[in-house]
Amino acid sequence: CAVSIFLLLFCIKKQQQDIMGFLTVNKIDFKECDIVTSEDNRKWMRENVPEDFRPMTGVPLPPQIFNEEHYCGNYEAFFDAREEHAVYAFLGLTAPPGSKEADALAGLEQQ
């Protein structure tokens, strides 16, 4: 299953490159959804970010990461998951055997 990433291309290029680079290197299928050129994508993103994750004022800003219809989080949450070797769990995916995340999970299960 593909991970949908809603990105505002011209404002957050570094964050976009960071997320897409990680997904590409790790061979995680994704579909980039441009909210600049598509009102439908922009509306969908804004409507599907859960209330608890919306800013107090204004609208949620990209990048926002979804796995199909499931909201995963924003860039900060992605960054934190990457630092903790937990990106696959963050994305709602199973970590591949031999990955740092899978090895960490196996170590926890053995304890």
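- Under the salt bridge (Lys or Arg N to Asp or Glu O under 4.0 Å) criterion, Glu69 pairs with no residue at all, not counting sequence neighbours.
- Considering all non-hydrogen atoms of both residues, Arg54 and Val49 come closest at NE-O, 2.7 Å.
- Asn41 contributes atom CG, which lies 11.5 Å from atom CZ of Arg46 (distance to the nearest 0.5 angstrom).
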Side-chain donor-acceptor pairs under 3.5 Å in residues 85-103, sequence neighbours left out?
from: Ser99; atom 1: OG; to: Pro96; atom 2: O; distance (Å): 2.8
from: Ser99; atom 1: OG; to: Ala102; atom 2: N; distance (Å): 3.1
from: Glu101; atom 1: OE1; to: Val87; atom 2: N; distance (Å): 3.0
from: Glu101; atom 1: OE1; to: Tyr88; atom 2: N; distance (Å): 2.8
from: Glu101; atom 1: OE2; to: Tyr88; atom 2: N; distance (Å): 3.4
from: Glu101; atom 1: OE2; to: Ala89; atom 2: N; distance (Å): 2.8

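- Taking every heavy atom of both residues into account, Phe66 and Asn48 meet most closely at CE2-O, 3.4 Å.
- Side chains of Ile35 and Trp44 form no contact here, defined as non-hydrogen atoms less than 4.5 Å apart.
- Note that CD1 of Ile19 and OG1 of Thr24 are 11.5 Å apart. Values are rounded to the nearest 0.5 Å.
- Within the 4.5 Å cutoff, side-chain heavy atoms of Pro62 are placed close to those of Met45.
- In terms of modelled atom types and a separation under 3.5 Å, the side chain of Asn26 and the main chain of Ile28 share no donor-acceptor contact.
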Side-chain polar contacts of residues 70-83 - donor-acceptor pairs under 3.5 angstrom, sequence neighbours left out - could you list them?
from: Tyr71; atom 1: OH; to: Gln64; atom 2: OE1; distance (Å): 2.5
from: Asn74; atom 1: OD1; to: Glu76; atom 2: N; distance (Å): 3.2
from: Asn74; atom 1: OD1; to: Ala77; atom 2: N; distance (Å): 3.0
from: Asn74; atom 1: ND2; to: Glu76; atom 2: OE1; distance (Å): 3.3
from: Tyr75; atom 1: OH; to: Asp18; atom 2: OD2; distance (Å): 2.4
from: Arg82; atom 1: NH1; to: Asp18; atom 2: OD1; distance (Å): 2.4
from: Arg82; atom 1: NH1; to: Asp18; atom 2: OD2; distance (Å): 2.9
from: Arg82; atom 1: NH2; to: Asp18; atom 2: OD2; distance (Å): 3.3

